[in-house]
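For reference, the structure discussed in these notes is given below.
Note that the structure is a prediction, hence the values are computed from the model and not measured.
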Amino acid sequence: MAQTTVNKAYNDGVVTVCRETAASSSFAARQGAESEADLETVCKLDFAENSCREQDSEYANQMGYRLDRKISARKPGNIRIDTECSALIGRTLYAVNNVEYTRTEVYLHLTEVRTFDAESD
């Protein structure tokens, strides 16, 4: 029997994965981007919104973060996404708190950080 593959639709939006370029504080803590100018784009990905399973919420609680969104996207080739990255969806900035890779996809656990003003560019 031939194996069939189902193409998943990533049509819920576009996420910009970025790294903060703003200097850290004197005690090496991340200060958080104040505007989109404080971010350097790593990659842009079409994403699918995923429901947060109970085990995802339990994991987030154990790790000490709030799970606001879970999204999936096609694995971005040789680009590595990690918890030092941020995710920008529209004008809302999210912290990437957990990254799960499969053979073909990447799943991001996101916590909302702030919403940028329209004039912040």
Check the hydrophobic clustering (I, L, V, M, F, W, Y; side-chain heavy atoms under 4.5 Å; chains of links allowed) and say if V99 and I89 are grouped together. yes

Do R74 and T104 come within less than 4.5 Å of each other through their side chains, counting heavy atoms only? no

Using side-chain contact (heavy atoms from CB on, under 4.5 Å), reason through K70 and D56 one step at a time and then give a plain yes or no. CA-CA 9 Å; K70 181 179 178 184; D56 295 325; 2.9 Å; yes

Do the side-chain N and O atoms of T111 and D68 include a donor-acceptor pair separated by under 3.5 angstrom? no

Less than 4.5 Å apart, side chain to side chain, heavy atoms only: is that true for K44 and V17? no

Start with the C-alpha gap between F47 and V106, add the side-chain angles, then the distance that decides, and say whether side-chain contact (heavy atoms from CB on, under 4.5 Å) holds. CA-CA 10 Å; F47 72 87; V106 60; over 6 Å; no

Assess whether salt bridge (charged side-chain N to carboxylate O under 4.0 Å, His left out) is satisfied between R19 and D82, documenting all intermediate values. CA-CA 10 Å; R19 295 194 186 272; D82 56 36; 3.2 Å; yes

In short, A48 meets A9 closest at the heavy-atom pair CB-O, 3.7 Å

With a 3.5 Å cut-off and no angle check, do the side chains of H109 and Y59 form a donor-acceptor pair? no

Show, in sequence, the C-alpha distance, side-chain angles and deciding distance for V42 and I79, and conclude whether the side-chain contact (heavy atoms from CB on, under 4.5 Å) test is met. CA-CA 8 Å; V42 174; I79 298 169; 3.4 Å; yes

Which heavy atom of A37 sits nearest to which heavy atom of T21, and what is that distance? O-OG1, 3.8 Å

Euclidean distance, L93 CG relative to E112 CD, rounded to 0.5 Å: 9.0 Å

Enter the distance from L88:CG to T41:OG1 here, rounded to the nearest 0.5 Å. 8.0 Å

Quick one: CZ on R91 to OG1 on T115, what's the gap to the nearest 0.5 Å? 10.0 Å

Look at the side-chain heavy atoms of Ile, Leu, Val, Met, Phe, Trp and Tyr, link any pair under 4.5 Å apart, and say whether L108 and V14 land in one connected group. no

Do S86 and V96 make a side-chain contact, defined as non-hydrogen atoms from C-beta onward lying under 4.5 Å apart? no

Are V113 and M63 grouped together when hydrophobic residues (ILVMFWY) are joined by side-chain heavy atoms under 4.5 angstrom apart? no

Full working for side-chain contact (heavy atoms from CB on, under 4.5 Å) between E49 and Y10: CA-CA 8 Å; E49 193 84 37; Y10 299 98; over 6 Å; no

Just verifying a value: how many Å separate N97 CG and R69 CZ, rounded to the nearest 0.5 Å? 14.0 Å

In this structure, would Y107 and L110 fall into the same cluster of hydrophobic residues linked by side-chain contacts under 4.5 Å? no

Just checking, any donor-acceptor pair under 3.5 angstrom between side chains of S72 and K8? yes

Taking CD in E40 as the centre, count heavy atoms belonging to other residues, nucleotides or ligands within less than 6.0 Å. Is the count above 12? no

Holding to side-chain hydrogen bond (donor to acceptor under 3.5 Å, both in side chains), I want the full list of residues that pass it with T16, two or more places apart in sequence or in another chain. none

Hphob cluster co-occupancy, L67 + Y94, side-chain heavy atoms under 4.5 angstrom: no

